[in-house]
There are 2 protein chains.
Amino acid sequence: MSLPHALLTSLLEKPCTGAELARRFDKSIGHFWHATHQQIYRELGKLEERGLIAARGLATARGSQRHFDVLEQGRTELERWSSLEADPQPMRAALMVRLRAAAVLGTVDMTHEIARHQVLHHTVLEQYRDIEASDFPPGIAASTADELRLAVLRAGIVLEEAWLAWCQETLAGHKDSKV
Amino acid sequence: MSLPHALLTSLLEKPCTGAELARRFDKSIGHFWHATHQQIYRELGKLEERGLIAARGLATARGSQRHFDVLEQGRTELERWSSLEADPQPMRAALMVRLRAAAVLGTVDMTHEIARHQVLHHTVLEQYRDIEASDFPPGIAASTADELRLAVLRAGIVLEEAWLAWCQETLAGHKDSKV
DNA sequence: ATATCCATGTAACGTGTTACATGATTGT
DNA sequence: ACAATCATGTAACACGTTACATGGATAT
């Protein structure tokens, strides 16, 4: 149930329209909580009904832009939610299901797919590292808010590094076993 | 769309009833693809309809056990699916959403929650390491199937280590900044 | 003006969650 | 026989995905 709160967060950072929200989402929070534009519009509608956000102006014609602001009640709700305890949820990695399937089938070679994932993870990792270098240069005292934003980015980096290391050790293990 | 294939995999490893599947799921594939027993019964029903699995015997009374086997067609479908290319999906980590919320709110302290997650990840990591030590003792030549099963376990270990390292560096960073 | 694109929205469906109901099984 | 428990299942709803439709904005 994080999507409405992710939207509130993004709107607090900068009020905007649904479409812009969808675009920005893909580049920030979306790395940790993906959503399609349809989900976003639906949730924006619910948040508006609940009085947590409001659209600027009055026009409600179908194709016209609706610019949303977070209301005081929305901020309160976000504070309440972010203060709750919430355990980490088990990840969902289809590749692991496929590896176990390959193990029991005995007829499927997964090395190519692992190598392909290795490249993909490497690419994402490079992107994250670029962001880290440009947005958080070393040696500069950062605000608490910036520290938190860096922490989120660091989580992305650390996890991509983990996946990359796993791809490498797994491919190396297979190679060894074939010698 | 991995759940039916995760069930096929688990049933190929050992045919069983829905309830046993649910229990075994929590201890193996479930670490990478969680499902409740209701989801499992629903998917078993669909797999049966599609002719991929079959229940032993005929009894269909409501509370009686139904023991499932994978049919040839199910095996074929699992082979087909596990051979497809499938990109890694973005993870969903509510904690990251909450950190960004805390960053923009400026009124919520997340250090306790991060420390709590650190303990949780540590506990899971210990469990995985125990399994590794008992099920995959070093120096023993393993079959390809065992290598794949170990690879899945290793992914769990590597990722939990990454989360743990992230918790540590994040808490350390906050502490430094307060000095 | 009209073709094209974009922002918004609807519809239908699949997947995941929660609460609860019913028939079998087990223990006393 | 009766209570407690277990395996299976139903129902209702929330969340996520895909395909498509409509109205406004833009460019020629």
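First the proteins, then the strands, lettered A, B, ... as listed; each starts at 1.
- Comment: A:K46 does not engage A:E49 in a salt bridge, judged by the lack of any side-chain N to carboxylate O separation of less than 4.0 angstrom.
- The two residues B:L99 and A:L148 make their nearest non-hydrogen contact at CD2-CD2, 3.8 Å.
- Here C:dA7 presents its C1' atom at 7 Å from CD of A:Q65, a figure rounded to the nearest Å.
- Annotation: side chain of A:E85 is in contact with side chain of B:E113 (closest heavy-atom distance under 4.5 Å).
- Rounded to whole angstrom, the span from the CZ atom of A:R50 across to the P atom of D:dA14 amounts to 12 Å.
- Applying the 4.0 Å criterion to OP1 and OP2 of C:dG9, one finds that A:Y41 has every side-chain N and O outside that range.
- Looking at A:Q39 and A:H34, their side chains never bring a donor and an acceptor atom within 3.5 Å of each other.
- The closest side-chain donor-acceptor pair between B:R24 and B:S10 falls under 3.5 angstrom.
- Atom CG of A:L7 and atom P of D:dG16 are 11 Å apart (whole Å).
- As rounded to whole Å, 16 Å separates atom P of D:dT10 from atom CD1 of B:I40.
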Pairs under 3.5 angstrom, nitrogen or oxygen only, protein versus nucleotides 15-19 of chain C, please.
| from | atom 1 | to | atom 2 | distance (Å) |
| --- | --- | --- | --- | --- |
| C:dT15 | OP2 | B:K46 | NZ | 3.1 |
| C:dG16 | OP1 | A:R92 | NH1 | 2.3 |
| C:dG16 | OP2 | B:Q39 | NE2 | 2.6 |
| C:dG16 | O5' | B:Q39 | NE2 | 3.1 |
| C:dG16 | N7 | B:R42 | NH2 | 2.4 |
| C:dG16 | O6 | B:R42 | NH1 | 3.4 |
| C:dT17 | OP2 | B:Q39 | OE1 | 3.3 |
| C:dA19 | N6 | B:Q38 | NE2 | 3.2 |

Exercise for the section: Show your working on salt bridge (Lys or Arg N to Asp or Glu O under 4.0 Å) between A:D135 and A:R149 and close with a plain yes or no. Expected result: CA-CA 10 Å; A:D135 289 9; A:R149 279 187 272 267; over 6 Å; no
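- The pair B:R154-B:E161 does not count as a salt bridge, with every side-chain nitrogen at least 4.0 angstrom from each carboxylate oxygen.
- Atom CG of A:L44 is separated from atom P of C:dG9 by 9 Å (rounded to the nearest Å).
- Of all the residues in residues 10-23 of chain A, A:T17, A:G18, A:A19, A:R23 reach under 4.0 Å from DNA chain C with at least one non-hydrogen atom.
- Side chains of B:H122 and B:E160: a donor-acceptor N/O pair is absent below 3.5 angstrom, by distance only.
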